[in-house]
Amino acid sequence: MLRGRPERELAAWLEAEAVGAAKAHAAKEQVRVDPGAAGEPERKAGEEQPKEPAPAQPRAAEEGDARVPPRPPPTLPMYQAKPASAQGLSPHGKSRSKSRSCKRSSDRSEEYCSPRPVTVDSSKARTSLDALKISIRQLKWKEFPFGRRLPCDIYWHGVSFHDSDIFSGLVNKFPGMTEMVRKITLSRAVRIMQNLFPEEYNFYPRSWILPDEFQLFVAQVRMVKDGDPSWKPTFIVKPDSGCQGDGIYLIKDPSDIRLAGTLQSRPAVVQEYICKPLLIDKLKFDIRLYVLLKSLEPLEIYVAKDGLSRFCTEPYQEPHPRNLHHIFMHLTNYSLNIHSGNFVHSDSTSTGSKRTFSSILCRLSSKGVDIKKVWSDIISLVIKTVIALTPELRVFYQSDIPAGRPGPTCFQILGFDILLMKNLKPILLEVNANPSMRIEHEQELSPGVFENVPSLVDEEVKVAVIRDTLRLMDPFKKKRENQSRQLGKPLASKEEPSDSDLASASAGSANPEAHLPSICLKQVFPKYAKQFNYLRLVDRMANLFIRFLGIKGTMKLGPTGFRTFIRNCKLSSSSLSMAAVDILYIDITRRWNSMTMDQRDSGMCLQAFVEAFFYLAQRKFKRLPRHEQVASLIDLCEYHLSLLDEKRLVCGRSATSGGRPPHSGTPQEATPAAQLAEGRPPPCTNGALKLSHSRHALS
């Protein structure tokens, strides 16, 4: 019937039909969406509203997955009328031409379509669940509180990396972090750095590990007292496995240690007690600062701009035999002081027994204290502590997630407990792998009857830390940034972008975080890497250690691996035979295996390797200070291994091409090694070898 009409009349007829249908649909939509609009009679009270049929949508594969956009209503196949789309007429509140644009030219506007919400598995969140739920709600992400059959983007664990098996996505724990921040392991890691840089690491109290160093502890205390009879120290004993103040007590003399008979079953750390802390309202307090370790390689550290200050509940007096047992005077642990009758719950951030750290800084600032200097010292403490922890963390990481195997990306929030001395110098007390993220506290309504009451101070600090950690780890963040950049570029097509394309681009590039406050986490590394990279000597030793481990997944170096390290780095000589190397390996490994509780693998652990490395550095570079000895030996090892790698690369290329590899034992190669033997680092060779440290960088 229509085939005989002229084409011009056909086009006019089709356009009129489409416009008429669109106007009728718009009128129907207005009545459905705005029943109270002018012209619609009011319904009588109790009259049942007519039900609107639910629009049919394809079902997503899984809740929280990318949703399929609703299909537009059937349209005529030819001469689609543009005025209907220009008027913004759309079923279910969505532009018809926008939907067609995504399908018609996906190569041009695919990047503008909004990504699906980030999915978070909170089934293992435990005590941080409430703060996590609030954070996810603020971010408008998708939570799976009971887990999910399909993989999630982010997994939030409450205790450790091994809460469940994960093969993709992101998880908020590093393997080995719980072991690394235990009191004994932390003390050993910081002690290694104190041996290299004693002035840089004087923020950690002098420590002894019990029972292994009990005799050393007794001897050193006696020696200091003999030299200075007026010295009357106080020591604090902390069980290695203790938490929340459990088992901590003060002593005045080594003979007062209570656990001398059972230390073997419950090892501990004993430290010098800080007798002159900064007081506020005559009370001792400490700072709980939240630190995000975003990445190990490359190292990325963020520090929260606010934290918590936990107060004792009894006025402070310097320790003497009559008040050593007053835990509410000397111990700042919240879990202890909450049981004191003097504990004050407050909704104000500047009063009570738990306050924000920012309120403390404001109070100090009003007294003329240089707050920038305080913050600078705290940030320096955090960076140096993380640098001390990362070498062994990398060994744990390669053991649980070997290179080349599927595994998640890790990040973690750490809790740093810091004490300010009277002179405002920060002192590191301990690091918590699982800082409490609870946002409520127990309140006793009547004897023995408790109720969980929201804590506004906790919520203000902790929700911000979790929310902004998720924002920094957002797996779709780069995609949105690319969308924003694409808006400023012309579309890769000869035709002009349609109104629907521009609308789609505007919707896709809208900042989903516009309603959120600024991020409360400040990057401190690599931002300040230039000031601290010279401290990363043990990291470079860990690179050597991991290289010679051999088997993926192991954490200890066998005798063959140690011999290969000595041979490849050319450390043996007439004065250090391979037999002497074997004896060195056996002696150090046997001693460290007797001290550590982990007997899963036999062999040399990283800390034993570091001790052997110190010994080799002292033998080869006797006249240099300790840190320069170690840096020079690292340079020497890296130099020889670079030559070996280059030689293997050339041999591999020659084998592929069928040619003969050039001889690499030239006099020019021996010259840098000879320079290192004299205490001078080798130069770069043809730009191929780049040594990351030199002596002048350490001075």
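Values below: all heavy atoms of this structure, side chains included; hydrogens, waters and symmetry mates excluded.
We find the CD1-CG distance between I546 and L606 to be 8.0 Å, quoted to the nearest 0.5 Å. D417 CG to I427 CD1: the interatomic distance, rounded to the nearest 0.5 Å, is 13.5 Å. Interatomic distance, M473 CE to L292 CG, rounded to the nearest 0.5 Å: 7.0 Å. Expressed to the nearest 0.5 Å, how far CD of Q138 lies from CG of L516 amounts to 6.5 Å.
With contacts defined as side-chain heavy-atom distances shorter than 4.5 Å, the pair K142/R116 does not qualify. The closest side-chain heavy-atom distance from P205 to Y273 is not below 4.5 Å. Residues P175 and C410 form a side-chain contact, since some pair of their non-hydrogen atoms from C-beta on lies under 4.5 Å apart. When side chains are defined from C-beta on, F525 does not count as touching E300, because their heavy atoms never get closer than 4.5 Å. Proximity of L139 to R467: side-chain heavy atoms (C-beta onward) are separated by under 4.5 Å at one or more points. Counting heavy atoms from C-beta on, the side chains of V610 and F545 never come closer than 4.5 Å. In this structure, Q398 and E297 have side chains that are not in contact, with every pair of non-hydrogen atoms separated by 4.5 Å or more.
At a threshold of 4.0 Å, the pair K284-E314 does not count as salt-bridged, since none of the basic side-chain nitrogens sits closer than that to a carboxylate oxygen. Under the 4.0 Å criterion applied to side-chain N and carboxylate O atoms, D539 and R536 are assigned as salt-bridge partners.
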Kindly indicate, with the supporting measurements, whether the criterion side chain to side chain donor-acceptor pair (under 3.5 Å) is fulfilled by S187 and Y204. CA-CA 9 Å; S187 296; Y204 193 69; 2.9 Å; yes
Applying salt bridge (charged side-chain N to carboxylate O under 4.0 Å, His left out), run through D468 and K305 and close with a yes or a no. CA-CA 11 Å; D468 292 346; K305 297 177 182 178; over 6 Å; no
Apply the test salt bridge (charged side-chain N to carboxylate O under 4.0 Å, His left out) to residues D240 and K183: give CA-CA distance (whole Å), side-chain angles for both, the deciding distance (0.1 Å), then the verdict. CA-CA 5 Å; D240 181 51; K183 297 174 180 63; over 6 Å; no
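Q412 places a side-chain N or O within 3.5 Å of a backbone atom of A433 that can act as its donor or acceptor partner. Side-chain N or O atoms of S350 include none that pairs as donor or acceptor with a backbone N or O of S348 at under 3.5 Å. Between the side chain of N337 and the backbone N or O of T313 there is at least one donor-acceptor pair closer than 3.5 Å. Between the T385 side chain and the L381 main chain, a donor and an acceptor come within less than 3.5 Å of each other. Between the side chain of K462 and the main chain of S436, a donor-acceptor pair closer than 3.5 Å is present. Remark: side-chain polar atoms of R471 are not paired, donor with acceptor, to backbone N or O of D474 under 3.5 angstrom. The closest donor-acceptor contact from the side chain of N333 to the backbone of S335 lies at 3.5 Å or more, if one exists at all. Distance alone, capped at 3.5 Å, places no donor-acceptor pair between the Q271 side chain and the I236 backbone. Put simply, the side chain of D153 never gets that close to the backbone of L170: no donor and acceptor are under 3.5 Å apart. Distance alone, capped at 3.5 Å, is enough to place a donor-acceptor pair between the T469 side chain and the V465 backbone.
No cation-pi contact links K384 to F203, judged by a cut-off of 6.0 Å to the six-membered ring centre and 45° from its axis.
Between I387 and T390 the shortest heavy-atom distance is O-OG1, 3.2 Å. Summarising the geometry of S135 relative to V463, their closest heavy-atom pair is OG-O, 3.4 Å, with the distance given to 0.1 Å. Nearest heavy atom pair, residue D130 against residue E440, reads OD2-OE1, 3.4 Å. Nearest heavy-atom pair, L336 versus F328, reported as atom, atom and distance to 0.1 Å: O-CE2, 3.3 Å. Heavy-atom minimum distance, P435 versus I413: CD-O, 3.6 Å. Taking every heavy atom of both residues into account, P475 and V118 meet most closely at CD-CG1, 4.0 Å.
If you check the side chains of K276 and N423, you find no donor sitting under 3.5 Å from an acceptor.
Put simply, the residue from F285, W375, Y290 that forms a ring-ring contact (aromatic ring centres under 6.0 Å, His included) with F357 is W375.
Between H441 and H345, the angle of the ring planes stays under 30°, which puts this pair in the parallel group of the 30/60° scheme.
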